[in-house]
Structure formats: structure tokens, C-alpha cells
There are 2 protein chains.
Amino acid sequence: MEARIEKIKQQLQAQAFKLTPQREATVRVLLENEEDHLSAEEVFMLVKDKFPEIGLATVYRTLELLSELHVLEKMNFGDGVARYDLRNDSTHHHHHHLICVQCGSVDEILEDWLAPLEERLDREFQFTVVDHRLDFQGICHRCREKAKAKAK
Amino acid sequence: MEARIEKIKQQLQAQAFKLTPQREATVRVLLENEEDHLSAEEVFMLVKDKFPEIGLATVYRTLELLSELHVLEKMNFGDGVARYDLRNDSTHHHHHHLICVQCGSVDEILEDWLAPLEERLDREFQFTVVDHRLDFQGICHRCREKAKAKAK
DNA sequence: ATTGGTGCAAAACCTTTGCAGGGCA
DNA sequence: TGCCCTGCAAAGGTTTTGCACCAAT
């Protein structure tokens, strides 16, 4: 945790940005809720618990900044708000997402399943891939279990 | 063209909705610009050329309705507006998109490249896929050609 | 008469921006 | 002092909603 904050601090400083208290509080919230794909508003409310005087605009500016530095990814799942996904710098590509249409949960696949397809795009479509996005909508394993239990 | 309108008319009537002149004009614009992933505003302006008294709210309502009937797909490419993609009912899955980061064009792949991955999700993740979304960002073949020509 | 559909304007919503002030080099 | 950063409020842009009216059953 502290190591990851330190790393982000360095990424900021490398471009002459500071890790202010507000920015650090925001990053901590993101780290503590890494699985959750929070919206700006949700981040704002969580940060406010620890740092009540922060303004919403600051959260937006921080998210925007971290997004530009590729510390996190701005995503859009079609529910009208932007959501943010911390990047594992081990992989420079997006995670794949498993979005449950029943309970709304979003799970992730961290491996890259698309390398063969990207080669094919290059060969057959003369398209040079720099990034990708792969989301599946469906029924997650938890809801599937629940449905099975109920059916008995 | 007329056949496709007729089909959409039937899809509407099956749920007791009418193909009003405004809706028909909207559908025609979508059919005529099928490749273009228009935004609501763009559809509105194109419809207005033929049907000047139409209101923007009607276009939004029509797009929403057609979206619910799965006649078209509401997409979000991250540019702040919803874009609409007419569905080929031959495939009940989305197209895959090739989004050019240089010129902003969006090309489509009509085949489904994900069937093997969906089987794997079912086996390994106990996740039942009902739909998916696959977008690639990169350099399209046109921009790649241009860059090559310039490099000479 | 009832129902669904429309146009207009207002509202709602998320996000960005302008600006005056604050903190730190 | 100069510069980045902040909070607040206002503005911006997209989408939805309320309402009165219209058309067709």
C-alpha cells in the first residue's frame, strides 16, 4: 500500500506534479476500493469521510490528472457516469470486465486474451492496435449459484 | 431499405408502438448512415433536413425506444455523447469496433471473434455470457498508409 | 373518451472552468 | 514573488421530464 503510494508519488513528481494531501487522500480511496470501479461522485464521498473540506472539482481534477499519467483508466460502462480503474502497471493493457446484468458486479480478468486477435487485425485489416477494451455482460458465478439453489 | 423499415415497423407493432412519421424519418436517417455511429444530436440535425418541425426530445425518445427493442445499440466511445449502432438481426451480438486514435474513424468487424473466449469464461469462470463488447483503439489502415507515404 | 405520441421549455445531471485565495519554494 | 493547487460557484453540454396539445383509435 505505502509502496504503491510512493510509486504514484514518483510518477507525479516525474512530471513536476505534487502529491498534495487531497491527491493522496484520493489515491488512498482508490487503492482501498480497487475492485470497485468507483465513479467520481463515489470517490468524492469516500474522500470526504477522511478529508471533509475537499471539493468535488479537486477530485475531478485529480482523477483527470491520474488518468493522463496512466495511473488509472477512465471507463464508461454506459450508466451515465465515468468510472475509474487503477492500472496495474505490470500490464499496460486494460483488464477485461465481466459485468453481471443481475447484480451489477464487475469482475476482472487480468490476463490478456486478445493477443492472437491483435495479430490477426494487423495482418488482415492493416490496423495497428494500441489499446483495447473487452467487456462481457452476463450472469456472474454468484448469481448463477443463487439461481441454482433456488431451482431446487 | 423498404424491407428493413417494414421489419422495424413490425417490431414496433409487436409491442403496440406505432411507426409515426417522426420515427420513420429517424429510422431512415439511421439506415442511410449505418456506418457512422451517429450521436443523438447528429441524428436530430439530419432528420431536421427532411422533417424540420421535429423536436430533439422526440429523437431521444425514439432512440431510447429502439434501443429497448434491440433495434439499435446505445454505445459510448468515451467522447461524452451516446452513439447509436443499428443492429443486424442476423447477429444478436455487437460488432467489434476499430477506433482510430488519429482520425477518429470507427470501422466494424461483423464476424464474432469471441465465441472461443465465451466458452472459456463459462468453463473457467462460471460466467454465462449474454452479450459482449470489443473495441480496439489504434491506427486505421488509411492513416497507416498516409504515414507510410509521408515517410518516403 | 382514452391512449400514445409530439414539441417546447424547463429541469436534471455530470463534468469542466473561472477566479480569488492559499501554501510552498 | 511566482507558481501550482485548492474550494466555491457558475457555466457547459448532454439527456430527461413536465405539460399542454394533437391524432388516431
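Numbers restart at 1 for each chain; the letters A, B, ... are given by sequence-line order, proteins then strands. A quick note: this is a predicted structure, and the numbers were derived from the prediction, not measured.
Axis orientation changes by 0° from one end of the helix from C:dA1-D:dT25 to C:dA25-D:dT1 to the other, with each end axis drawn from 5 pairs and the value rounded to 10°.
Shown here is B:E35, whose CD atom has no more than 12 heavy atoms of other residues, nucleotides or ligands within 6.0 Å.
Between A:T20 and D:dC4, a side-chain N or O to OP1/OP2 separation shorter than 4.0 Å is absent.
Screening A:H95, A:H96, A:R142, A:H97 for a side-chain hydrogen bond (donor to acceptor under 3.5 Å, both in side chains) with A:D107, the sole residue that qualifies is A:R142.
The interatomic distance linking A:K74 (NZ) with C:dC14 (P) rounds to 14 Å, in whole Å. When rounded to the nearest whole Å, the span between CD of A:E42 and P of C:dT15 equals 11 Å. Summarising the geometry, the separation between CZ on A:F77 and C1' on C:dC14 is reported as 17 Å, rounded to the nearest angstrom. Rounded to whole Å, atom P of D:dT6 lies 12 Å from atom CD of A:E24. In this structure, A:K18 atom NZ and C:dG23 atom P are separated by 13 Å, rounded to whole Å. Note: CD (B:Q13) to P (C:dG5) measures 11 Å, nearest angstrom. Atom pair B:R83:CZ and D:dG13:P shows a separation of 16 Å (rounding to whole Å applied). One atom, CG of A:L19, and another, C1' of C:dC24, lie 15 Å apart when rounded to the nearest Å.
With 3.5 Å as the limit, one finds no donor-acceptor pair spanning the side chains of A:Q11 and A:H70. The closest side-chain donor-acceptor pair between B:E118 and B:H132 falls under 3.5 angstrom.
With hydrophobic clusters built from ILVMFWY side chains whose heavy atoms lie under 4.5 angstrom apart, B:L69 shares a cluster with B:L63. B:V47 and B:L56 fall within a single hydrophobic cluster, where Ile, Leu, Val, Met, Phe, Trp and Tyr side chains are chained together by heavy-atom contacts under 4.5 Å. Using a 4.5 Å cut-off between side-chain heavy atoms of Ile, Leu, Val, Met, Phe, Trp and Tyr, with links allowed through other members, A:V59 and A:I5 fall into the same hydrophobic cluster.
For DNA chain D, the neighbouring residues in residues 44-69 of chain A, judged by any heavy atom under 4.0 Å, are A:E53, A:I54, A:G55, A:A57, A:T58, A:R61.
A:L12 is listed as a side-chain neighbour of A:L65, based on a closest heavy-atom distance under 4.5 Å.
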